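In each ligand, atom 1 is the first atom listed, and ligand 1 is the first ligand listed. Here the structure is a predicted model, which means the values were calculated and not measured.
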Amino acid sequence: MLGVIADDFTGASDIASFLVENGLSCVQMNGVPKAPLADKVDAVVISLKSRSNPVNEAIEQSLNAFNWLKANGCSQYYFKYCSTFDSTEKGNIGPVTDALLDALNDDFTVITPALPVNGRTIFNGYLFVGDILLSESGMRNHPITPMKDANLMRLMDAQSKGKTGLVAYSDVIQGAARVKERFVELKAQGYRYAVVDAVDNAQLAVLAEAVADLKLVTGGSGLGAYMAARLSGGQKGVNAFIPAKGKTVVLSGSCSVMTNKQVNAYKAKAASIYLDVESALTNANYADELYREVVKYLDEPLAPMVYATVPPEQLHEIQAKFGGDKASHAIENTFAKLAQRLKNEAGVVNFITAGGETSSIVVQQLGFTGFHIGKQIAPGVPWLKALDENISLALKSGNFGKEDFFEYAQGMLL
Ligand SMILES: Nc1ncnc2c1ncn2[C@@H]1O[C@H](COP(=O)(O)OP(=O)(O)O)[C@@H](O)[C@H]1O
Ligand SMILES: O=C(O)[C@@H](O)C(=O)COP(=O)(O)O
């Protein structure tokens, strides 16, 4: 069984959906489960909110997840982080990778955020978003983990205890045997991690074969998809469900370029309520006030949207005025309280959330044990159904989906 430790909830549903699409049976668990695994599955994905926590907390959460996966029969482990390598100079990708390698008594793994279907590619160890470097993309303005360098070796070296080498494109296209040879060479030269170039899916297919014997693999969902395809013998997923129509809300806390476009497109069509940071910071009843506003629109044809999403200039002003962490926490807590009332008191059954941190806090607050994985709305964004309640969710990564995502997701409901 493949055990995946994902550093946020949108990322977890991203990889879970690709595992299912590629023929594996899979459940996504909300945090480290308290009970043993109930059903026999090919893969378990544990969603953590560990991307932006202090390093020691991220390590502790990840090791707890690892121990549970090990106790429940996993034989290979995948550390899933963002395809835009969201992290700071202190971590958490490096320290968590180190802790997992140590727990496995191992000393080598790969670094592969590539997700070509969503435009994330790696060449000469540089990460691209579409046709530009990561550091020139909207990710340079990310509210929590601004990415100002695109060189994955440098990014990894700054936050880990070992050295990072490269398996270059010219080697990858020679096939899995050559990639494995490069692993041996890099290890002999004292490297602990290898960034592997992938400019399209063909290199991920090669890499999936080359990492088959590694105890720990790290990366985005792209490599996970090809590992699943290899494990399932090329089967395609069946029975991915689509949820039923019902009271729905859109909660958007991402400030990514794509989410800004999606929010603007949706504002023109549906009731939309701006979540004001100052009110979130100063008014203890703000979530209740938003709740009273949102419930007015729950029976409209398109779901009401509450959004904190703003473009980069406005984000910088807000962060300068209130402090980035304070603003983020106030917004996340407001979304969490609002979501809880919407579920418990207003009977909302479908939640569409945008943003990794935002989705993570909402799901943690709603308190499900885990999810079944449904049909993809866009690459990397599936519908999810709670294991223990009749509630469905779409946890959209900030940068994923097309401009009409919020409306399109609702259009799928049966
Ligand atoms: N208007 C805003 N001002 C300040 N911070 C914001 C604003 N809107 C959202 N945020 C914060 O930005 C962060 C966005 O992160 P996240 O939800 O992970 O989105 P993404 O998926 O784009 O990374 C969250 O912590 C959120 O609370
Ligand atoms: O790999 C990805 O890009 C996503 O799965 C992911 O991790 C999403 O993170 P957010 O952009 O913070 O939602």
Side-chain angles (χ1 to χ4, degrees), residues 4 6-18 28 45 47-53 78-87 93 112-120 127 129 134 137-139 141-147 218-225 251-263 274-281 306-336 353-363 378-382 394-401:
V4 181
D7 69 353
D8 80 349
F9 281 58
T10 47
S13 67
D14 170 13
I15 191 162
S17 72
F18 280 112
Q28 177 180 340
V45 178
S47 329
L48 300 177
K49 188 181 188 305
S50 59
R51 185 172 291 175
S52 61
N53 296 19
Y78 198 104
F79 174 34
K80 159 71 180 69
Y81 42 75
C82 195
S83 62
T84 44
F85 210 72
D86 300 15
S87 54
I93 295 174
T112 325
L115 180 57
V117 68
N118 282 341
R120 276 64 154 165
L127 182 56
V129 175
L134 170 70
S137 77
M139 285 304 296
N141 294 313
H142 190 277
I144 304 172
T145 47
M147 300 306 294
T218 85
S221 57
L223 177 56
L251 306 176
S252 177
S254 160
C255 294
S256 73
V257 174
M258 184 43 85
T259 304
N260 267 285
K261 288 186 188 163
Q262 289 160 339
V263 163
Y274 178 59
L275 192 162
D276 172 60
V277 183
E278 185 155 12
S279 306
L281 279 161
V306 181
Y307 67 102
T309 306
V310 289
E313 320 77 63
Q314 210 175 327
L315 175 68
H316 291 145
E317 277 171 29
I318 293 172
Q319 291 191 320
K321 190 164 171 196
F322 303 110
D325 282 355
K326 270 189 160 175
S328 284
H329 287 136
I331 293 167
E332 291 176 22
N333 289 336
T334 306
F335 273 128
T353 58
E357 300 290 330
T358 311
S359 303
S360 301
I361 194 99
V362 164
V363 170
V381 197
L395 311 179
K396 191 197 79 71
S397 154
N399 292 302
F400 287 2

side-chain contact (heavy atoms from CB on, under 4.5 Å) between T145 and F85, intermediate numbers included: CA-CA 9 Å; T145 47; F85 210 72; over 6 Å; no
Donor + acceptor pair across side chains of N399, S397 (<3.5 Å): no
Side-chain H-bond candidate by donor/acceptor type, S47 with Q28, under 3.5 Å: yes
Donor + acceptor pair across side chains of S252, T309 (<3.5 Å): yes
For C255, the option from L315, I318, N141, I144 that meets side chain to side chain contact (heavy atoms under 4.5 Å, CB included): L315
L127 side chain near M147 side chain, heavy-atom distance below 4.5 Å: no
Polar contact flag, side-chain donor to acceptor under 3.5 angstrom, E357-S328: no
Protein residues that have a heavy atom under 4.0 Å from any atom of ligand 2, sorted by chain and number: D8, T10, G11, D14, R51, K80, Y81, C82, S83, G355, G356, S397, G398, F400
Closest non-hydrogen atom pair, C82 against P113: O-CB, 3.8 Å
One line per pair, note the atom names and distance for all nitrogen or oxygen contacts under 3.5 Å between ligand 1 and the protein.
{"unit_1": "ligand 1", "atom_1": "1 (N)", "unit_2": "A308", "atom_2": "O", "d": "2.8"}
{"unit_1": "ligand 1", "atom_1": "8 (N)", "unit_2": "A308", "atom_2": "O", "d": "3.2"}
{"unit_1": "ligand 1", "atom_1": "17 (O)", "unit_2": "G356", "atom_2": "N", "d": "3.4"}
{"unit_1": "ligand 1", "atom_1": "17 (O)", "unit_2": "E357", "atom_2": "N", "d": "3.3"}
{"unit_1": "ligand 1", "atom_1": "17 (O)", "unit_2": "T358", "atom_2": "N", "d": "3.1"}
{"unit_1": "ligand 1", "atom_1": "17 (O)", "unit_2": "T358", "atom_2": "OG1", "d": "2.7"}
{"unit_1": "ligand 1", "atom_1": "18 (O)", "unit_2": "G356", "atom_2": "N", "d": "3.1"}
{"unit_1": "ligand 1", "atom_1": "18 (O)", "unit_2": "E357", "atom_2": "N", "d": "2.7"}
{"unit_1": "ligand 1", "atom_1": "21 (O)", "unit_2": "G356", "atom_2": "N", "d": "2.9"}
{"unit_1": "ligand 1", "atom_1": "21 (O)", "unit_2": "G398", "atom_2": "N", "d": "3.0"}
{"unit_1": "ligand 1", "atom_1": "22 (O)", "unit_2": "S254", "atom_2": "OG", "d": "2.7"}
{"unit_1": "ligand 1", "atom_1": "23 (O)", "unit_2": "H142", "atom_2": "NE2", "d": "2.6"}
{"unit_1": "ligand 1", "atom_1": "25 (O)", "unit_2": "S328", "atom_2": "OG", "d": "3.2"}
{"unit_1": "ligand 1", "atom_1": "25 (O)", "unit_2": "E332", "atom_2": "OE2", "d": "2.6"}
{"unit_1": "ligand 1", "atom_1": "27 (O)", "unit_2": "S328", "atom_2": "O", "d": "3.3"}

F400 CZ to S13 OG distance, which is reported to the nearest 0.5 Å: 9.0 Å
